[in-house]
Trainee: 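Below you'll find the structure I mean.
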Amino acid sequence: LPGLHIFAIAFALEVSVGKTNTVTALNNSNVLLPCVFTTCTGFQDLVFTWYFNSTELIYQGKIKNKATEPTLIWHNPRVEFVGSTTKKDNNISIVLNSVEFSDAGKYTCHVKNPKEKNAQHNATIFLTVVHKMVETDNTVTLIIVGVVGGLIGLLILFMLIKRVVLFIIKKTQDGKKECLVSSSGNDNTENGLAGSKAEQKAPPKA
């Protein structure tokens, strides 16, 4: 079946910008626009292109094969290639320097692989530019990423998340240990947590 064959080819090449496709950047900062591609059959003379709002070309590169890093075909002077294709993941991320409000919009990472009968695939990121980071409960990510700048911010965030997760895991394990050790049901307070002593006090007399 010819239709099935095309379907299989289309699925072999995949382009991804990560879990979230929205990025917020602080005016005048540098912002990372992530993109990676995967291919089952390998690649030869692969061309990747970044577009702004679907039509404006901002970066184009060519990768001869897995053993070589991309060569530049054309780029906007403010756009810098920060990926690597000789390492495990085929990273074709770029950094947009000195972001302005006019840079807000849609960024498309497009890949064409001649080795897969010219299979093409793309992924999109939406960039928002703000004059200051507004602090609300769920924008710790934005504050860190915006203030410190893309990659370092993400790294710090990752470390913070990792620490919190490890802390939660440790607490859960501590809790389990207590359950195993304590045979009497009297002491069910968790050691080391603030407020545990207060909980042990007798309630004030009326």
Trainee: Please check this pair: side chain of N90 against backbone of V36, looking for a donor-acceptor N/O pair closer than 3.5 Å.
Mentor: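 A pair under 3.5 Å: no.
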Trainee: Between K115 (side chain) and G42 (backbone), is there a donor-acceptor pair under 3.5 Å?
Mentor: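 Flag not set: sc K115 to bb G42 has no pair under 3.5 Å.
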Trainee: Any chance you could measure I63, atom CD1, to T85, atom OG1, to the nearest 0.5 Å?
Mentor: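 Here the rounded value is 4.5 Å.
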Trainee: I'd like to know whether NZ of K64 has more than 12 heavy-atom contacts from other residues, nucleotides or ligands below 6.0 angstrom.
Mentor: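 Check fails, neighbour count at 12 or below.
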Trainee: Can you check side chain to side chain donor-acceptor pair (under 3.5 Å) on Q60 and H75, steps first, answer last?
Mentor: CA-CA 6 Å; Q60 188 167 51; H75 77 119; over 6 Å; no
Trainee: Is a donor on one side and an acceptor on the other found under 3.5 Å between the side chain of T71 and the backbone of K62?
Mentor: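 Checked: pair present.
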Trainee: Treating W50 as the side-chain partner and I92 as the backbone partner, does any N or O pair qualify as donor plus acceptor under 3.5 Å?
Mentor: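 Between the backbone of I92 and the side chain of W50 there is a qualifying donor-acceptor contact (under 3.5 Å).
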Trainee: Angle between ring planes, F48 versus Y59, binned at 30° and 60°: parallel, tilted or perpendicular?
Mentor: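 The arrangement is parallel - the two ring planes meet at less than 30°.
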Trainee: Determine whether F37 and F43 satisfy the following criterion, ring-ring contact (aromatic ring centres under 6.0 Å, His included), listing intermediate values before the conclusion.
Mentor: CA-CA 11 Å; F37 69 88; F43 57 89; 5.4 Å; yes
Trainee: Do you reckon V15 sits in the same ILVMFWY cluster as I94, going by side-chain contacts under 4.5 Å, direct or chained?
Mentor: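 They do share one cluster, since a chain of ILVMFWY contacts under 4.5 Å joins V15 to I94.
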Trainee: Determine yes or no for a side-chain-to-main-chain donor-acceptor pair under 3.5 angstrom, with R78 supplying the side chain and N97 the backbone.
Mentor: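 Checking the backbone N and O of N97 against the side chain of R78, a donor-acceptor pair under 3.5 Å is found.
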Trainee: Has T24 got a side-chain atom pairing as donor or acceptor with T128's backbone, closer than 3.5 angstrom?
Mentor: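 Side chain of T24 to backbone of T128, a donor-acceptor pair under 3.5 Å: no, none is there.
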